[in-house]
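Report on the following structure.
Sequence positions, counted from 1, serve as the residue numbers for this chain.
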Amino acid sequence: MSPAPSDEALTAARVHLLEHGWAVLREVVPEPEVDRLCAAFDACIGTTGLPPVVQRPGAFRLHADLRRWLLDGRLGRIASALLEAPKVRLLQDALIGKPAGMGGEVPWHRDASYTGYLAPDRVLSVRLALGVEDLDRGGLEVLDGSHRWPEPVDSLHGEPMLQDGLAGLAPAQRAQVDASRGALVLQPGDLSVHTPRTWHRSAPNRSGSARRTVVAHLFDAECVIDVERIAPASRVHFPLDEGGRLKGTGFPVVV
């Protein structure tokens, strides 16, 4: 097991996250564990006949090494420090892959488009890079400081995931897009984190190497659910306690 980031590193990451809407933590997972997680990733996803963007949800149920990373407390401690929440749960997790040289761009969006039922939105998206990530390899690009921008004109938490949501921005924010753009360059074992209101996209993978990323969305366990923002047919999948907070093994406590 790797040593957890120091308190100083977590404090610096939280300051950066609050100001910019994203942060990076370096060398969180050591090389031998990255290698094991790559093998687990390929065992769950496969290596041939893949589409340009592969997403496999529920990674913590798929493989012991993935479960260990997501639930053994390291990730939870990071999320707890960044959210300043003593108890954190896992909302969603997924394996995201982009095979070599196959494109696979994901347009500009915010994670609030699919986590907006949590109130307040004390949610954190955490991405573990299992290889080098940059724009050539299909990595993430963010709009710096966009977590403080007003809601899109169309609707709160309504921009479609696979359509370019920037069309709904107010003119003042559209004018800031080019100056705000920045790529998150990661090495194997690095983490990037961003808020649910931070605008981001991922570039097509034009390189000769596959991109492998383990993504987790974590939230303050004291958040309550706005059931009106969940489709009636899906509400059965969101068990609540008497206070309207998520409970159960489908949303495991990570710290």
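Side-chain atoms of Asp42 and Thr47 include no donor-acceptor pair closer than 3.5 Å. With hydrogens and angles left out, the side-chain atoms of Ser202 and Glu105 include no donor and acceptor closer than 3.5 Å.
In this structure, the side chain of Asp93 engages the main chain of Phe60 through a donor-acceptor pair within 3.5 Å. Of the possible polar contacts, one joining the Ser6 side chain to the Ala9 backbone as a donor-acceptor pair under 3.5 Å is found. In this structure, the side chain of Asp35 does not engage the main chain of Pro32 through any donor-acceptor pair within 3.5 Å. Within the 3.5 Å criterion, the main-chain N or O of Ala203 finds a donor-acceptor partner in the side chain of Lys98. Distance alone, capped at 3.5 Å, places no donor-acceptor pair between the Arg122 side chain and the Cys223 backbone. The main-chain N or O of Ile230 is never found under 3.5 Å from a side-chain atom of Ser234 such that the two would form a donor-acceptor pair. Side-chain atoms of Glu84 do not come within 3.5 Å of backbone N or O of Ser80 as any donor-acceptor pair. Looking only at distances, a side-chain donor or acceptor of Arg211 sits under 3.5 Å from a matching main-chain atom of Gly138. Distance alone, capped at 3.5 Å, is enough to place a donor-acceptor pair between the Asn205 side chain and the Pro99 backbone. Of the possible polar contacts, none joining the Arg201 side chain to the Trp108 backbone as a donor-acceptor pair under 3.5 Å is found.
Criterion: ILVMFWY side-chain heavy atoms under 4.5 Å apart, direct or through other members. Under it, Leu143 and Val24 are not part of a common hydrophobic cluster. Using a 4.5 Å cut-off between side-chain heavy atoms of Ile, Leu, Val, Met, Phe, Trp and Tyr, with links allowed through other members, Leu186 and Val28 fall into different hydrophobic clusters. Transitive grouping of hydrophobic side chains (ILVMFWY, heavy atoms separated by less than 4.5 Å) brings Leu70 and Leu25 into a common cluster. The hydrophobic clustering, which links ILVMFWY residues whose side-chain heavy atoms are closer than 4.5 Å, places Met102 and Leu140 apart. Both Val177 and Trp199 are assigned to one and the same hydrophobic cluster, defined by single-linkage of ILVMFWY side chains at heavy-atom distances under 4.5 Å.
Ring orientation note: the planes of His194 and His200 are tilted relative to one another, at an angle of 30° to 60°.
No side-chain heavy atom of Leu124 sits under 4.5 Å from any side-chain heavy atom of Val88. In this structure, Leu128 and Leu37 have side chains that are in contact, with non-hydrogen atoms separated by less than 4.5 Å. Contact annotation: the side chain of Leu66 approaches that of Leu95 to within less than 4.5 Å [non-hydrogen atoms, C-beta and beyond]. Two residues are said to be in side-chain contact when any heavy atoms from C-beta on lie closer than 4.5 Å; Arg68 and Leu71 fail this criterion. Put simply, the side chain of Asp134 does not reach to within 4.5 Å of the side chain of Leu184, judged on heavy atoms. Using a 4.5 Å heavy-atom cutoff, the side chains of His63 and Phe41 are not in contact. By the 4.5 Å heavy-atom criterion applied to side chains, Pro150 and Gln173 are counted as neighbours. Looking only at side-chain heavy atoms (C-beta outward), Pro188 and Leu130 stay at 4.5 Å or farther from each other.
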**OP:** Check the pair Val227, Tyr117 against side chain to side chain contact (heavy atoms under 4.5 Å, CB included), reporting the backbone distance first and the verdict last.
**Re:** CA-CA 7 Å; Val227 294; Tyr117 49 79; over 6 Å; no
**OP:** Give the C-alpha distance, both sets of side-chain angles, the deciding distance and a yes or no for side chain to side chain contact (heavy atoms under 4.5 Å, CB included) between Phe251 and Leu90.
**Re:** CA-CA 5 Å; Phe251 305 94; Leu90 179 66; over 6 Å; no
Original post:
Checking salt bridge (Lys or Arg N to Asp or Glu O under 4.0 Å) for the pair Asp190/Arg26: CA distance, chi angles, key distance, verdict?
Top reply: CA-CA 5 Å; Asp190 290 349; Arg26 302 291 183 189; 2.8 Å; yes
Subject >> Derivation of the side-chain hydrogen bond (donor to acceptor under 3.5 Å, both in side chains) call for Arg127 and Ser192 >> reply: CA-CA 5 Å; Arg127 302 169 63 259; Ser192 75; 3.0 Å; yes
Subject >> Step-by-step side chain to side chain contact (heavy atoms under 4.5 Å, CB included) determination, Val215 to Val126 >> reply: CA-CA 6 Å; Val215 178; Val126 184; over 6 Å; no
Original post:
Going through the distances and angles, do Leu218 and Val123 end up as a side chain to side chain contact (heavy atoms under 4.5 Å, CB included)?
Top reply: CA-CA 6 Å; Leu218 303 119; Val123 189; over 6 Å; no
**OP:** Go through the steps for Glu222 and Arg245 under the test salt bridge (Lys or Arg N to Asp or Glu O under 4.0 Å), then give the verdict.
**Re:** CA-CA 6 Å; Glu222 290 301 310; Arg245 298 175 291 265; 3.8 Å; yes
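When all heavy atoms of Pro57 and Leu62 are compared, the closest pair comes out as O-CD1, 4.0 Å. The two atoms that bring Thr249 and Pro252 nearest to each other are O-CD, 3.4 Å, heavy atoms only. Taking all atoms of both residues into account, the shortest heavy-atom contact from Ala81 to Leu10 is CB-CD1, 3.8 Å. Taking both residues in full, the closest heavy atoms of Pro5 and Arg77 are given as O-NH1, 2.7 Å, listed atom of the first, atom of the second, then distance. In this structure, Glu141 and Leu135 approach most closely via the heavy-atom pair CB-CD2, 4.0 Å. The minimum heavy-atom distance between Arg110 and Pro196, with the atom names listed, is CB-O, 3.4 Å.
The distance from atom CD of Glu31 to atom SG of Cys38, rounded to the nearest 0.5 Å, is 10.0 Å. The CG atom of Asp136 lies 7.5 Å from the OG atom of Ser207; values are rounded to the nearest 0.5 Å. Taking OG1 of Thr213 as the start and CG of Leu191 as the end, the distance is 11.0 Å to the nearest 0.5 Å. For the atom pair CG (Leu83) and CD1 (Ile78), the distance works out to 11.5 Å, reported to the nearest 0.5 Å. Taken to the nearest 0.5 Å, the CZ atom of Arg235 stands 5.0 Å off from the CD atom of Glu228.
Every side chain to side chain donor-acceptor pair (under 3.5 Å) that Thr198 has, sequence neighbours left out, goes to Thr195. Residues passing the side chain to side chain donor-acceptor pair (under 3.5 Å) test with Asp144, sequence neighbours excluded: His20, Trp22.
Salt-bridge annotation for Arg74 and Glu33: present, with a side-chain N of the basic residue lying under 4.0 Å from a carboxylate O of the acidic one. Salt-bridge check for Asp241 with Lys247: failed, with every basic side-chain N at 4.0 Å or more from each acidic carboxylate O.
When each of Val253, Val255, Val254 is paired with Lys87, the side-chain contact (heavy atoms from CB on, under 4.5 Å) condition holds for Val253 and for no other.
Residue pairs meeting the ring pair (Phe, Tyr, Trp, His ring centres under 6.0 Å) criterion with at least one member in residues 212-232, sequence neighbours excluded: Tyr114-His217.
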